[in-house]
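Along the sequence shown, residues carry numbers from 1. What you see is a predicted model, and the numbers here were worked out from it, not measured in a lab. Each ligand, and each atom within it, is numbered from 1 in the order the structure gives.
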Amino acid sequence: MEKDIQRILITEEQIKARIAEMGKEISEEYRDKDPVVLGVLKGVVVFYADMVRHITVPCQMDFMCLSSYQGTKSSGNMIVKQDMSVDVKGRHVLVLEDIYDTGGSLNYTYQHLMSKQPASVNICTLLDKPERRRPGITLKPDWVGFTIPNEFVVGYGLDFNEHYRNLPYVGVLKPEAYEK
Ligand code: IMP
Ligand code: MG
């Protein structure tokens with residue numbers, strides 16, 4: 001697995017430090033708001049587990065799973081494969097995402113959430129790849145862990161063909177690994 005990584009883009013230590021920083025800000029923002037922390041599966045699982053442990057105020061955890069019905073392309077048309085289980089009407093929702101790439105999935109998630117009439121929706125994404133943003137997408141995350149260049153990354157929850165999610169850092173995949 002490690003041999004397929006061209007270079008480490010963000011180390012475990014950097015991720016840890018940034019999550020602690022964001023955790024402080026998020027805990028401040030959500031004091032007395034009892035937010036629903038929504039994870040968009042499955043890329044977010046590793047980030048989610050680390051992030052919620054730095055949220056020091058009461059909150060509830062929930063998940064949803066999106067699926068693109070044009071296969072694995074990140075900007076395909078989306079459907080909700082598994083919806084949330086908490087009723088978020090009138091609640092404050094914090095969305096956690098692994099990466100904001102073309103923006104298609106986060107926008108879809110946002111629209112889907114808004115139809116449930118929450119009190120507020122904020123977004124925290126571990127990674128942001130602004131160069132890839134689809135024209136017309138204006139949604140801005142409230143917290144961005146790291147802004148990264150336009151390269152395909154894996155690890156810390158992010159996959160290529162469902163692999164590499166368990167790497168503890170974010171790395172760039174060698175081109176040979178794509179072509180396998
Ligand atoms: P979107 O293009 O912003 O809709 O991103 C959709 C999804 O594509 C993300 O939630 C990731 O699961 C996946 N994705 C986008 N860029 C990368 C990448 O560099 N590595 C791995 N997965 C990615
Ligand atoms: Mg994802």
Using a 4.0 Å heavy-atom cut-off, which part of Val40 comes near ligand 1: side chain, backbone, both, or neither?
neither
State the CE-CG distance between Met1 and Leu173, to the nearest 0.5 angstrom.
11.5 Å
If you look at every heavy atom in Glu25 and Trp143, which pair is closest and at what distance?
OE1-NE1, 2.9 Å
From the candidates Asn107, Asn150, Ile99, the one that places a heavy atom nearest atom 14 (N) of ligand 1
Ile99
Against Leu66, only a single residue in Met78, His112, Lys81 fulfils side chain to side chain contact (heavy atoms under 4.5 Å, CB included); can you say which?
Met78
Under 3.5 Å, N or O to N or O, is Gly103 touching ligand 1 that way?
yes
Is there a nitrogen or oxygen of Val153 sitting under 3.5 Å from a nitrogen or oxygen of ligand 1?
yes
Sorted by chain and number, sequence neighbours left out, side-chain hydrogen bond (donor to acceptor under 3.5 Å, both in side chains) with Gln82 holds for none
Numbered atoms of ligand 1 (with element) below 4.0 Å of Asp101, judged on heavy atoms:
1 (P), 2 (O), 3 (O), 5 (O), 15 (C), 16 (N)
Taking a cutoff of less than 4.0 Å between a non-hydrogen atom of the residue and any ligand atom, is Glu97 in contact with ligand 1?
yes
Pro130 and Ile148 have their tightest heavy-atom pair at CD-O, 4.0 Å
Contacts of type side-chain hydrogen bond (donor to acceptor under 3.5 Å, both in side chains), residue Lys116, not counting sequence neighbours
Asp83
Positive for side chain to side chain contact (heavy atoms under 4.5 Å, CB included) with Val95, one of Val36, Asn122, Leu113:
Leu113
Consider ligand 1: state whether an atom of it lies below 4.0 angstrom from any non-hydrogen atom of Val154.
no
Distance-only N or O hit between ligand 1 and Thr102, under 3.5 Å
yes
Kindly confirm or rule out an N or O of Asp98 lying under 3.5 angstrom from an N or O of ligand 1.
yes
Give a yes/no on ligand 1: does Arg134 have at least one heavy atom closer than 4.0 angstrom to it?
no
On a heavy-atom basis, I'd like to know which of Phe160, Tyr108, Phe152 is closest to atom 18 (C) of ligand 1.
Phe152
May I ask whether Ser105 has any heavy atom positioned less than 4.0 angstrom from an atom of ligand 1?
yes
Scanning both residues in full, the closest heavy-atom pair of Leu9 with Pro149 reads CD2-CD, 4.5 Å
